[in-house]
Protein chains: 2
Amino acid sequence: MLSVGLETGYAMKKHVEGNLSHFWQESYGQIYPVLRRLEDEGMVRRRKSAATPGPRRNAYLLTARGERELRGWLAEAPELPIPRMELLLKLSFGERADAGVCIEHVREHRTMCERDLELFDEMEPPLEAAALAHRNVAFGLLTLRYGRLLREAELRWCDEAVGRLAALDNEHESARTGEASR
Amino acid sequence: MLSVGLETGYAMKKHVEGNLSHFWQESYGQIYPVLRRLEDEGMVRRRKSAATPGPRRNAYLLTARGERELRGWLAEAPELPIPRMELLLKLSFGERADAGVCIEHVREHRTMCERDLELFDEMEPPLEAAALAHRNVAFGLLTLRYGRLLREAELRWCDEAVGRLAALDNEHESARTGEASR
DNA sequence: CTAGCCATGTAATCCGTTACATGATTGG
DNA sequence: CCAATCATGTAACGGATTACATGGCTAG
């Protein structure tokens, strides 16, 4: 983040919240200590704040060493996340749940997907325009496209899942009432 | 897991690895202590092993209390995972990376998606058949369908992303060589 | 004047993995 | 007989969040 002009821990946190929140998060309890550690390791340097008005701020810069390290890190294969999707875990034990709770969970998830997609609808066009002028925006757009395509797929899955769950409920019901429903 | 007949910590771990691995994981360091804690809380009971041959095993059963707790947990809204997708993080700082590394990362990811999809191709038809006979299998199938739809979407994103990244590389190149490439 | 934001930081805590230790049984 | 698998467990460690503490500045 220092490499793209974010100088303070506070600014970094805001950047993560505002621009990377659909695939990353960081807390102050993480950011500030790491900044210190990086300073000790010679990756970053603290800029002496020349009596700026306003609250005390620690502005950092990337050193040449830090820049090399960054390049190296970017070139390493990214680790893939170990998914921990509680919705799916609950669903896979759905047989033990009371009737309707599975469908309800999936519907809830669907609503969340729709909300995200609306956000993407607002964010994408201006970004697409800005990407033509600023190379770095184009990279951000990539991650937004990822979020959109994934949420769209999840939305389709939700609809399919609700269908399957409803069918299961019906089967169950007709079995319970002794198939009398015909 | 006790509710579906998995009695030992070992069996639970294997079940997670074999059936839930695309959206969950657990380690022994987690499982065994939790089992003890659940026993203290009266959620589970240790079955006395009647001199079974083979290695010592601690088999557990769900108590009525545990079953109530399970039902309650299943009914609670699942937390959504805080995604931490290193690929996207690196991509969003892709401007700072050496040429080609972004495309390479995305290609790698694409390969992984394809591998997963092949696995789904093998697993899905037999499960779909088994789901007609066993209700509980139908719930497992739901999670597998989720995995498939998501990976398919990721695959499409990879292709799009490679296209966009290639275009960015070309722009950059022609800018560097003074637009001489026409 | 006060609520809200800018800004920094630490300590407690939690969740979970990794590494290690142990030992019985079984199939080749 | 030896490797693999069944089976259980603990200690150390690590990464990250949460809660808390502090304080200046600014806009209404």
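Heavy-atom basis, side chains included; hydrogens, waters and symmetry copies ignored. Within every chain, numbering begins at 1; the chains are lettered A, B, ... in the order of the sequence lines, protein sequences first and strands thereafter.
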Cluster overlap Val137(A) with Leu91(B), hydrophobic side-chain contacts below 4.5 Å: no
Length of the CZ-C1' vector between Arg47(B) and dA7(D), whole Å: 15 Å
Quick check: is Met123(B) connected to Phe23(B) through a chain of hydrophobic side chains (ILVMFWY, heavy atoms under 4.5 Å apart)? no
When clusters are formed by joining ILVMFWY residues with side-chain heavy atoms under 4.5 Å apart, either directly or through shared neighbours, do Tyr60(A) and Tyr28(A) land in the same one? no
Among residues 3-20 of chain B, which ones have heavy-atom contacts with DNA chain D below 4.0 Å? Thr8(B), Gly9(B), Tyr10(B)
From CD of Glu39(B) over to C1' of dT8(D), roughly how many Å is that when rounded to an integer? 14 Å
Name every residue in residues 75-90 of chain B that has at least one heavy atom under 4.0 Å from any atom of DNA chain D, in order of residue number, or write none if there are no such residues. Arg84(B)
Is the closest side-chain heavy-atom distance between Arg84(A) and Leu89(A) below 4.5 Å? no
Do Leu61(A) and Leu70(A) share a hydrophobic cluster, counting only Ile, Leu, Val, Met, Phe, Trp and Tyr and linking them when any side-chain heavy atoms are less than 4.5 Å apart? no
Euclidean distance, Glu154(B) CD relative to Asp116(B) CG, rounded to 0.5 Å: 8.5 Å
Between dG9(D) and Arg56(B), is there an OP1 or OP2 to side-chain N/O distance shorter than 4.0 Å? yes
Are Trp157(A) and Phe120(A) co-members of a hydrophobic cluster defined by side-chain heavy atoms under 4.5 Å apart? no
Do Arg115(B) and Glu118(B) meet the salt-bridge criterion of a basic N to acidic O distance under 4.0 Å? no
Pull out every residue in residues 22-36 of chain B that has a heavy atom closer than 4.0 Å to any atom of DNA chain D, ordered by number, or say none. Tyr28(B), Gly29(B), Tyr32(B), Arg36(B)
Starting from P on dA7(D), measure out to OH on Tyr60(B) and report it in whole angstrom. 14 Å
Is Lys14(A) salt-bridged to Glu17(A), going by a charged N under 4.0 Å from an acidic O? yes
Atom CZ of Arg45(A): over 12 foreign heavy atoms under 6.0 Å: no
How about CD on Glu69(A), more than 12 heavy atoms from neighbouring residues, nucleotides or ligands closer than 6.0 Å, or not? no
How many whole angstroms separate atom CZ of Arg46(B) from atom P of dT8(D)? 10 Å
